Structures are given as structure tokens and as C-alpha cells.
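Have a look at the structure below before the remarks.
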Amino acid sequence: MGSSEERVVAVIMVGGPTKGTRFRPLSLNVPKPLFPLAGQPMVHHPISACSRIPNLAQIYLIGFYEEREFALYVSAISNELRVPVRYLREDRPHGSAGGLYTFRDYILEENPSHIFLLNCDVCCSFPLPQMLDAHKNYGGMGTILVIKVSAESANQFGELVADPVTNELLHYTEKPETFVSDLINCGVYIFTADIFKAIQDSFTQRKDRANLRRTTSFEALQSATKALPADYLRLDQDILSPLAGKKELYTYETRDFWEQIKTPGMSLKCSGLYLAQFRRTSPILLAGSKGSRSATIIDDVYIHPSAKVHPSAKIGPNVSISANARIGAGARLISCIILDDVEIKENAVVIHSIVGWKSSIGKWSRVQGEGDYNAKLGITILGESVAVEDEVVVINSIVLPNKTLNVSVQEEIIL
């Protein structure tokens with residue numbers, strides 16, 4: 001551990017149950033941040049990246065899930081990485097800046113020189129040590145991780161304009177109606193402790209504006225129905241936009257992969273991206289063919305040590321198999337996430353799908369999606385304890401928990 005001047009604290013925003021609605025039916029069973037990608041909980045990937053930051057003193061997870069939902073995981077990951085990890089529960093959503101400010105006393109307890117802020121539903125290589133070096137060279141209050149995307153998709157995100165020489169943030173706008181820039185905000189930041197003064201100033205300005213503006217009783221009623229709570233503050237619109245062009249904020253561009261994990265389809269894509277990253281960073285986590293007595297493994301595959309896979313099965317690419325799963329003879333798995341306690345019987349095929357906890361897929365059955373990660377029915381999802389009987393075909397469908405399928409279905413949502 002370095003001196004107190006060098007200490008770094010990381011904060012990961014994990015959201016809450018009202019935020020994971022697009023992730024259903026998978027979020028019915030487990031908080032979205034704990035859903036496994038490449039065999040590890042979603043939040044594990046940014047936590048693991050934070051653990052590689054020099055002089056890291058503490059990692060905080062901030063969200064509004066019940067504390068009991070994170071207690072076991074936080075304890076286990078703290079012991080595994082030997083870095084203190086703590087979950088801080090908001091009483092209600094305060095926005096990204098408001099949530100950070102709510103727990104400022106905890107975050108500043110270690111007297112950190114720098115504070116990383118990450119969003120849990122971001123999938124990338126998290127080049128955090130490189131960001132820290134760049135931030136120190138810039139000398140500003142904050143540095144934002146950015147990436148170039150196609151002009152067609154840029155307006156789905158926060159677009160920004162940066163000085164091509166100094167990398168200073170000159171302009172920031174959240175999801176603009178017209179094209180501004182192909183450079184977007186990745187949802188990963190590093191700040192000095194001055195960020196808390198900027199947030200406090202924003203709260204003060206909002207209060208002053210409210211006091212100055214006189215409204216009729218009708219206008220007051222109208223605005224009250226639209227207004228955000230007084231302690232709700234968004235980092236992007238309320239902090240980054242006003243500070244742009246004031247030599248306070250800078251950008252660090254990644255040329256590696258980056259995605260947002262908003263839907264189950266994107267979780268399958270991101271699981272594949274993390275598996276590919278393991279090949280470079282943690283090849284020991286990937287499965288490999290070990291002679292004639294083991295299954296055929298193609299490219300990047302994760303198999304939990306407790307899972308049982310028949311030697312005649314063929315697995316990969318982009319397959320993640322969780323604890324106590326059983327994969328039968330002749331089964332073929334491509335681009336899928338198989339969750340805990342799933343049974344896939346002889347000669348079944350699973351492609352572009354997520355198979356929920358304790359589900360079973362019968363002999364010669366086929367569970368398949370077309371592989372469009374952005375489409376609502378682009379992959380097939382089976383919720384918990386779904387039974388697909390023998391010789392049944394399920395294509396581009398979503399099946400909620402505790403259902404039995406004895407006839408084939410295509411492009412259906414089965415409630």
C-alpha cells in the first residue's frame with residue numbers, strides 16, 4: 001500500500017430491482033449484477049479490474065437492492081481478491097451523482113487521491129491503470145472513458161466532443177436527437193475528491209433556481225408531477241455537461257471492446273467477449289479438450305468444475321456452463337449460457353440461448369435463437385425450472401419459469 005496521498009477508492013453503481021426490468025425473466029431469480037457472464041457474476045468483471053489498480057484501498061458497491069442479496073458475494077469476493085469490498089444500500093434511487101454524494105463520508109474515509117466510478121452494466125476491458133496515468137497527466141478533476149462507435153448508433157448514448165490534441169472534454173450531450181459526435185461515454189470515470197464539491201454546487205444551483213422562479217399554482221402542480229426528487233442528481237446531464245469546456249474534464253479513448261448490458265441478449269454477447277478476454281488474461285479459466293475421454297471444445301468455453309459433460313458432447317464457441325449442470329451424450333452447444341443445475345439430455349442442441357436454473361432439455365430437442373443480440377426475440381431464453389420434453393423444438397422464444405413444453409414453439413413469449 002502506498003502513502004495516503006496515493007490511495008485510490010473504486011465505486012461501482014449496481015442499480016436496483018426497479019432497474020432490471022428489461023433483464024427479465026433472468027432477473028426474477030437473481031439481482032442482475034450477480035447474473036453470470038463467462039462463469040462469473042456480472043459485477044465480478046469490474047471488481048476484478050479494480051483490484052488491479054495500484055494502491056487500491058477499498059471497493060464500494062452502491063445500489064438499492066436488499067443488503068442480504070449481496071452479503072454472501074461481497075464476503076466471498078473480498079476474501080478471494082484480498083481487497084475490502086462493501087455494499088452500501090441507498091434508501092431509494094438518487095441518480096449516479098446523487099448516489100455517490102449520499103455516501104461521500106464513506107468514500108472519503110480513506111482520504112483517497114483518486115476515485116474510480118464504474119457502472120455495473122458496462123462490459124469492456126476496463127483499462128483502469130492506463131486511465132489513472134492519463135488522468136494524472138491531464139491534471140483535471142475527472143477523466144471519462146470514451147469509445148468511437150458508428151454514427152447510426154451514437155445517439156443511443158451520451159455523445160461528446162473532445163479536443164483532438166489535449167483530449168479535454170469540450171461538449172457533452174446525453175442521447176441527442178441529432179448527430180453530435182461518434183465519440184460516446186463508456187460509463188467509466190476517474191475523479192479527484194473535488195467531484196463532491198461539483199455535486200454540492202449543482203445541488204445549490206438547483207435550489208437557487210427553484211427559489212428564484214415564481215410560478216402560478218397550476219404551473220407548480222404541473223412541474224411537481226414531472227420534477228425529479230430534490231436529492232436526485234445525474235452525473236451526465238447535471239455534472240458533466242455544465243463542466244465541459246472548463247478544463248476540468250478530459251477523455252481517455254479505448255480501442256478495445258465495449259458494450260452495455262441492458263438485455264439478456266446483450267448478456268450472451270458480453271459473456272462471449274469476456275471469454276475471449278480470458279484467452280489473453282486468464283487462460284486457466286477456459287476449458288480445453290483433454291484427449292478422447294473429454295468433450296470436444298471449440299474456441300472459448302467456460303465449464304464449472306462441478307459440471308458433468310459427456311465425452312461425446314461438442315461444446316463451443318462462446319459457451320458458459322455453470323455449477324452442477326449435466327450435459328448428455330452427443331449434445332451440441334453453441335453460443336449459450338447454461339445456468340446451475342441444468343440437464344441437457346442426449347443429442348439435444350442449444351444455440352444462441354440462455355437456459356435457466358434447474359431447467360431440462362429432452363433427448364433430440366432443439367433450443368435455438370437466431371443470434372440477433374439486440375432483438376427482443378433474437379435469442380431464446382428459458383426461465384428457471386422449464387422442462388423441454390423430448391423431440392421438441394423451441395425457436396426465438398422466451399419462456400417464463402416453471403413451464404413444461406411438450407409441443408414445438410417459434411417466436412413466442414410463454415407466460
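Every value quoted in this text rests on a predicted model; they were computed, and no experiment measured them. Sequence positions, counted from 1, serve as the residue numbers for this chain.
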task: Show your working on side-chain contact (heavy atoms from CB on, under 4.5 Å) between V367 and V349 and close with a plain yes or no.
output: CA-CA 6 Å; V367 174; V349 175; over 6 Å; no

Atom [atom1] in [X], atom [atom2] in [Y]: separation rounded to 0.5 Å?
X: E259; Y: Y373; atom1: CD; atom2: OH; result: 10.5 Å
X: I315; Y: H310; atom1: CD1; atom2: NE2; result: 11.5 Å
X: K403; Y: I414; atom1: NZ; atom2: CD1; result: 9.0 Å
X: N324; Y: K308; atom1: CG; atom2: NZ; result: 7.0 Å
X: I77; Y: Q40; atom1: CD1; atom2: CD; result: 7.5 Å
X: S51; Y: L81; atom1: OG; atom2: CG; result: 4.5 Å

Between [X] and [Y], is the ring centroid distance below 6.0 Å?
X: W258; Y: F126; value: no
X: F191; Y: F116; value: no
X: F70; Y: Y65; value: yes

- request: For V301 and I298, run side-chain contact (heavy atoms from CB on, under 4.5 Å): C-alpha distance rounded to whole Å, both residues' side-chain angles, the deciding distance at 0.1 Å, then the answer.
  value: CA-CA 7 Å; V301 171; I298 300 171; 6.0 Å; no

Check whether any side-chain N or O of [X] sits under 3.5 Å from a backbone N or O of [Y] as a donor-acceptor pair, and report yes or no.
X: S202; Y: I239; answer: no
X: S78; Y: V85; answer: yes
X: S365; Y: A348; answer: no
X: T251; Y: N167; answer: yes
X: T143; Y: A134; answer: no
X: S360; Y: E343; answer: no
X: S267; Y: P264; answer: yes
X: S320; Y: I337; answer: no
X: D163; Y: V165; answer: yes
X: R366; Y: V393; answer: no

By side-chain contact (heavy atoms from CB on, under 4.5 Å) - contacts of D182 (at least two apart): K148, F179

Exceeds 12 heavy-atom contacts within 6.0 angstrom, atom OH of Y106: no

- request: Please collect all side chain to side chain donor-acceptor pair (under 3.5 Å) contacts where either partner lies in residues 379-389, sequence neighbours excluded, each pair once.
  value: N29-E384

Are [X] and [Y] ion-paired here, with the side-chain N under 4.0 Å from a carboxylate O?
X: E391; Y: K363; result: no
X: R280; Y: D256; result: yes
X: K358; Y: D340; result: no
X: R92; Y: E90; result: no

Any side-chain heavy-atom pair from [X] and [Y] closer than 4.5 angstrom?
X: M13; Y: L117; result: yes
X: L26; Y: I381; result: yes
X: V146; Y: T254; result: no
X: V122; Y: V188; result: yes

- request: Show the numbers, then the answer: is there a side-chain contact (heavy atoms from CB on, under 4.5 Å) between Q277 and F257?
  value: CA-CA 10 Å; Q277 186 184 31; F257 66 92; 4.0 Å; yes

message: Evaluate N185 against F157 for side-chain contact (heavy atoms from CB on, under 4.5 Å), listing each step before the verdict.
response: CA-CA 7 Å; N185 177 3; F157 309 100; over 6 Å; no

Candidate pair Y274 and H45, rule ring-ring contact (aromatic ring centres under 6.0 Å, His included), full reasoning: CA-CA 8 Å; Y274 281 136; H45 299 281; 3.7 Å; yes

- request: Mark yes or no: K32 above the aromatic ring of F23, with NZ or CZ under 6.0 Å from the six-membered ring centre and no more than 45 degrees from the axis.
  value: yes

- request: Run the numbers on H352 and S335 for side-chain hydrogen bond (donor to acceptor under 3.5 Å, both in side chains), then give the verdict.
  value: CA-CA 5 Å; H352 297 310; S335 183; 3.1 Å; yes

- prompt: Which pairs count as ring pair (Phe, Tyr, Trp, His ring centres under 6.0 Å) when at least one residue sits in residues 133-153, sequence neighbours excluded?
  reply: H114-H135, Y138-Y250

